[in-house]
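Have a look at the structure below before the remarks.
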There are 2 protein chains.
Amino acid sequence: MGRLHGMTRSRSWRSEEVARNDRALLRAAREVLAVDGAHASVAAIAARAGVGVGSLYRRYRTKQELFQRLCLIALREYLDAANEGLAMDDTWQGLMHYAMASIRSGPGSLAPAAGTFDVTDEMTELARRGDRAVAELVQRAHRAGVLRAGVTAVDLELLIEQLSKSPLQEQLQCQGRTELYDAALNARERIITIALDGLRAGPAGALPGQAPGYELFTMRWAPPEGETAE
Amino acid sequence: MGRLHGMTRSRSWRSEEVARNDRALLRAAREVLAVDGAHASVAAIAARAGVGVGSLYRRYRTKQELFQRLCLIALREYLDAANEGLAMDDTWQGLMHYAMASIRSGPGSLAPAAGTFDVTDEMTELARRGDRAVAELVQRAHRAGVLRAGVTAVDLELLIEQLSKSPLQEQLQCQGRTELYDAALNARERIITIALDGLRAGPAGALPGQAPGYELFTMRWAPPEGETAE
DNA sequence: TCAGTTGCGGAGTGATTCGCTCCGCACAAG
DNA sequence: CTTGTGCGGAGCGAATCACTCCGCAACTGA
């Protein structure tokens, strides 16, 4: 925001500045999407990235295209996190590594955008591989006896999604209270720690109801019929 | 939607139907607010309640007035839940009773509306009394040794807020997939159980960072300065 | 049977916000 | 100087917002 135009930059920004703008755009898009949900506007994204809407539309032909790229990146991070977790020796730490990483940059943040753009084959493939890795992560943890009895991969993924959004931080930054941002970050770490520790095997009782099926998780990425909804 | 007008109803609906509509309106308002956040529209609320916007505006002079009444009711339920929890003999069960009730009808759902309406003295008084009751609930649980070391009342309230929203159910009903609603409800119960069990005293390690202050919780109800935001 | 009354649904209204286009400008190279 | 390139943001038509208003159905007292 403001008038900074050219000014400081001087040498070959032929593609250097371009890449920086692209990263800022993607970061801003994820943040705004997490805050404003399905109603996130391109103007807000561009403003948060510190660029004009013109620059945004030069890189992405449409809002949907930006969200698609965002989703692809999130899915890649999701898959990487699961594989990294599987590579760890400590079973519990591996599970937690995946959970933490997935919460931080998870597809949960862009769930509100689900159904507003077409899902490419690459996305479904990435999601499939990720789910498979997570299922193995969960199975391994159960075999090691460190994961609470009855917890399924779907339980885990839904819990992660639940923890992905931060209502507190959303409102804080929506009101512009930057002075409390660090405190909110700290508070969120504690909450996540508490919630994830509920996954540990221990004296806690059985889970209520029966294990949820995968359809709860896959359903959302395919718009039902008749484009958007209702 | 639909033309059902009078039809089935016959006897003295002078005030019976009116009360039913009011309840439906409040219920719908809470649901839509939880789904659409700050951008919830009166049309959506009225439609979900099965009434016309005219009926909504005959009972509430403005959208803000509806949200105020909604907030007041939620705060009352919140206070009641805390007091009921205190009245229980079993300390842990008392805490869980409060948490469950607060999650289900919690002020967390209407957090996005915070700052969009004026806070009355009655609201602040109710919130103050509720917070006091919760603080006692937490203190009592700590004395009994059933609550995880280091957990503060603010931690608890923020965790409850985190669990108040259900991204899964939101999207489900936004897409009109009613056939999966029961499964989603069941899945949510499991997630809440897991997360709340992380509050139990046990072998889990210490919480990261330091205890968050109350300002994180009270800040939001007072618009900073300059009305809405930004 | 029939005016009179009451509460209802939803089309209409001006204001606002949306996704997106397009143009003037700052700067580097020739 | 002229030319070329990527930029910010004003501007545009469409969509959506909170809110008003009116015709109608259901019921009442006679």
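Just so it is clear, the model here is predicted, and its values are computed rather than measured. Letters go in sequence order (proteins before strands), and every chain restarts at 1.
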How would you list all residue pairs meeting side chain to side chain donor-acceptor pair (under 3.5 Å) that involve residues 52-62 of chain B, not counting sequence neighbours?
Asp22(B)-Tyr60(B), Arg61(B)-Glu65(B)
Restricting to side chain to side chain donor-acceptor pair (under 3.5 Å), what partner residues turn up for Gln64(A), sequence neighbours left out?
none
Here the distance between atom C1' of dC21(D) and atom CG of Leu56(B), to the nearest Å, is 16 Å
Of Val53(B) and Gly54(A), whose nearest nucleotide on DNA chain D comes first from the 5' end?
Gly54(A)
In whole Å, I'd like the distance from the CG atom of Leu25(B) to the C1' atom of dC8(C).
13 Å
Once base and sugar-phosphate atoms are separated, protein heavy atoms under 4.0 Å mark nucleotides 13-18 of chain D, 5' to 3', with B, S and - as ----SS
Does OP1 or OP2 of dG8(D) have a side-chain N or O of Ser55(A) closer than 4.0 Å?
yes
Between atom CZ in Phe67(A) and atom P in dC18(C), what is the gap in whole Å?
12 Å
Please name all residues satisfying side chain to side chain donor-acceptor pair (under 3.5 Å) with Arg132(B), sequence neighbours left out, ordered by chain then number.
none
Nearest-angstrom distance from the residue atom CZ of Arg58(B) to C1' of dT5(C)
13 Å
Check the distance between dT5(D)'s P and Arg59(A)'s CZ and give it to me in whole angstrom.
15 Å
Got Leu168(B) and Ile191(B) here, is their nearest side-chain heavy-atom distance under 4.5 Å?
no
With sequence neighbours excluded, residues passing salt bridge (Lys or Arg N to Asp or Glu O under 4.0 Å) with Arg69(A):
none
Rounded to whole Å, CG of Asp22(A) lies from P of dC7(D) at a distance of 11 Å
Round to a whole Å and report the spacing from CZ of Arg48(A) to P of dG9(D).
16 Å
Would you please name every residue forming a side chain to side chain donor-acceptor pair (under 3.5 Å) with Arg190(B), sequence neighbours left out?
Asp155(A)
Output the rounded distance in Å from CD1 (Ile45(B)) to P (dG10(C)).
17 Å
